[in-house]
Amino acid sequence: MAKRGPTYTCQACGAVYHRWQGKCDSCGTWSSLSEEAQAAPVPGARSSGGKPRGRVFALESLKGDTQDAPRIVSGIGELDRVTGGGFVPGSVLLIGGNPGIGKSTLLMQACAALALSGRRVVYVSGEESTGQVRLRAERMGLAEAPVDLAAETNVEDIIATLGQGTRPALVVIDSIQTMWSGEVESAPGTVTQVRGSAQALIRYAKTSGACMILVGHVTKDGQIAGPRVVEHMVDAVLSFEGEGAHAFRILRGQKNRFGATDEIGVFEMTGMGLSEVTNPSALFLAGRDQAAPGAAVFAGVEGTRPVLVEIQALVAPTSLGTPRRAVVGWENSRLAMVLAVLETHGGLRLGQHDVYLNVAGGLRVNEPAADLAVAAALVSSLTGAILPAESVYFGEIALSGAIRPVSVAGARLREASKLGFEAALMPSGGADAGDGGGLQLRRFGHVTELVADIASRAPRRDVK
């Protein structure tokens, strides 16, 4: 058998190369390739006759009786919402977020709540000592919770310790990047070690029935660090988001084999830890200036929850050759498309203006239904017209200028009605929205109708 040469693995994305190079072709990162040992071939993979050696197992049909997965309710309503109703025994969750965002705080609260309900909970910290974890628990008033605590990074020692005594209901590993396995010949923190350690911990969770939560670091662009294969191995991927200038945090489900994706849970950071926000719409709309142009309320949907948020726009003349386009909480490419449609079909001149767009409160909006609210805020800022404070906007704008209908219009209207809004500006087509939640419905079929409606409210001045 020919001798196997060395392999080089990208520490940013996990791509494997057979020779070293300065730049990873997969993710574009420079100086991220490092040599790592290859796993030895599995002995006895084939019998002497050349046929594969293995155990024959029975195959089943798609038809059959199924049961819903049992749940372990944590008692934290927003966390249970994102996970799909609670933790599933034997499942593995990966949670990521920026440093200091509150991942350890949230998990400590969940561990304490389950431990106080009589379940065995183990918290393994690879980054902090047990004394530091105890200090955090004391600050939050959770020091009396019977949580088993350890500071360890060797995976084999952790699994051997978990096998002693009663099977734990929940195990938290903080974080997976600090774990290392003696079965893997690589330095701790490398892609090979992270992958091998995660595989060993997942195997323990599946065989024992314990729910396991892995904490992951994030890169500069907000992605969970390490190989993407870890995200494929786990059952759920949760992202903990938030801005340092705001007190609230958003837990977003990006993958969930036992529940819906794109579900969000909203928390507020306090001196005693994270508190749940049961009505996030009221939080996002608090303190808005109703008498200023350039502000429109968007009726959005995050998962199964309708959320109202304010879209703020500022259009100002520029002296630069290339005007600025700054966006916070929305997609840059989506803003460029809406601006092009307003110039081409709406008759507005935006090429000599700087455009700043912000989603108030730090929430990140991903759905195209925000196009209509963004367009209304831009036209309002350019013309100086003040939009009605009691109105909400939602609808997708096509490249032709047509305003397309969006899904779950009824839930958006009911949420707006519950918060005291009186009117909704929405697409003219689409499914019936029911009674509209008691709101006055104003429908638009093209972006020119929206521009004409807002321009009629503008003060008399030349907007060109």
Side-chain angles (χ1 to χ4, degrees), residues 221 243 288-300 309-389 391-406 425-429 442-464:
D221 56 354
E243 298 288 341
R288 67 189 184 102
D289 188 359
Q290 303 181 5
V297 178
F298 165 57
V309 65
E310 185 182 34
I311 305 293
Q312 301 172 348
L314 176 61
V315 180
T318 181
S319 58
L320 301 176
T322 302
R324 294 187 180 94
R325 301 289 187 260
V327 187
V328 177
W330 209 47
E331 297 181 8
N332 284 280
S333 58
R334 200 80 191 174
L335 173 62
M337 188 204 75
V338 173
L339 291 175
V341 171
L342 289 176
E343 286 204 32
T344 304
H345 302 286
L348 302 181
R349 298 178 183 174
L350 297 168
Q352 300 299 321
H353 293 79
D354 292 331
V355 176
Y356 303 90
L357 188 73
N358 177 51
V359 179
L363 179 68
R364 179 162 186 83
V365 177
N366 297 318
E367 59 173 334
D371 291 351
L372 189 63
V374 170
L378 292 171
V379 177
S380 171
S381 177
L382 179 65
T383 61
I386 300 176
L387 299 177
S391 299
V392 296
Y393 299 77
F394 61 89
E396 179 183 356
I397 296 179
L399 291 178
S400 62
I403 302 177
R404 300 167 56 88
V406 296
L425 288 82
M426 56 185 294
S428 57
R442 299 187 57 196
R443 299 179 180 270
F444 296 97
H446 200 271
V447 71
T448 54
E449 303 174 19
L450 176 70
V451 174
D453 179 78
I454 298 177
S456 64
R457 306 172 183 271
R460 293 185 175 273
R461 62 185 180 92
D462 185 12
V463 300
K464 300 296 186 180

What heavy-atom pair brings Leu450 and Ala376 nearest, and what distance separates the two atoms? CD2-N, 4.0 Å
How long is the gap from NE2 on His353 to CG on Leu339, to the nearest 0.5 Å? 11.5 Å
Is there a donor-acceptor pair under 3.5 Å between the side chain of Arg457 and the backbone N or O of Pro388? no
Heavy-atom closest pair, residues Phe394 and Ala299: CB-O, 3.6 Å
Please name the pair of heavy atoms, one in Arg288 and one in Ala389, separated by the smallest distance, quoted to 0.1 Å. NH2-O, 2.8 Å
Testing the basics here: between Val341 and Ala398, what is the closest heavy-atom pair and its distance to 0.1 Å? CG2-O, 3.7 Å
Can you check whether Ser400's main-chain N or O pairs, donor with acceptor, with His446's side chain at less than 3.5 Å? yes
State the OG1-CG distance between Thr344 and Leu399, to the nearest 0.5 angstrom. 9.5 Å
Is there a side chain to side chain contact (heavy atoms under 4.5 Å, CB included) between Trp330 and Ile311? Walk through the geometry before answering. CA-CA 10 Å; Trp330 209 47; Ile311 305 293; over 6 Å; no
Is a salt bridge present between Glu396 and Arg334, judged by a nitrogen-to-oxygen distance below 4.0 Å? yes
For the backbone of Gly300 and the side chain of Glu367, can you confirm whether one donor and one acceptor N or O come within less than 3.5 Å of each other? no
Donor-acceptor check, side chain of Ser381 to backbone of Leu378, threshold 3.5 angstrom: yes or no? no
More than 12 heavy atoms of other groups within 6.0 Å of Arg325 CZ: yes
Atom CD1 in Ile386, atom CD1 in Ile454: separation rounded to 0.5 Å? 12.5 Å
Under the 3.5 angstrom rule, does the side chain of Asp354 hit a backbone N or O of Ala316 as a donor-acceptor pair? no
Are the side chain of Ser380 and the backbone of Ala385 linked by a donor-acceptor contact shorter than 3.5 Å? yes
Looking at CZ of Arg349 and CD of Glu343, how far apart are the two atoms once the value is rounded to the nearest 0.5 Å? 10.0 Å
Shortest non-hydrogen contact between Pro459 and Thr383, atoms and distance: CD-O, 3.8 Å
How far apart are the C-alpha atoms of Glu449 and Arg443, what are their side-chain angles, what is the distance that settles it, and do they pass the salt bridge (charged side-chain N to carboxylate O under 4.0 Å, His left out) test? CA-CA 10 Å; Glu449 303 174 19; Arg443 299 179 180 270; over 6 Å; no
Report yes if some heavy atom in the side chain of Leu348 is under 4.5 Å from a heavy atom in the side chain of Val451; otherwise report no. yes
Could you state the interatomic distance from OG (Ser319) to CD (Gln352), rounded to the nearest 0.5 Å? 10.0 Å
Can you tell me how far apart CG (Leu335) and CG (Asp371) are? Round to the nearest 0.5 Å. 10.0 Å
Should Val328 and Leu357 count as side-chain neighbours, where that means a heavy-atom distance under 4.5 Å? no
Looking only at non-hydrogen atoms, find the nearest pair between Leu387 and Ala296 and report the distance. CD1-CB, 3.7 Å
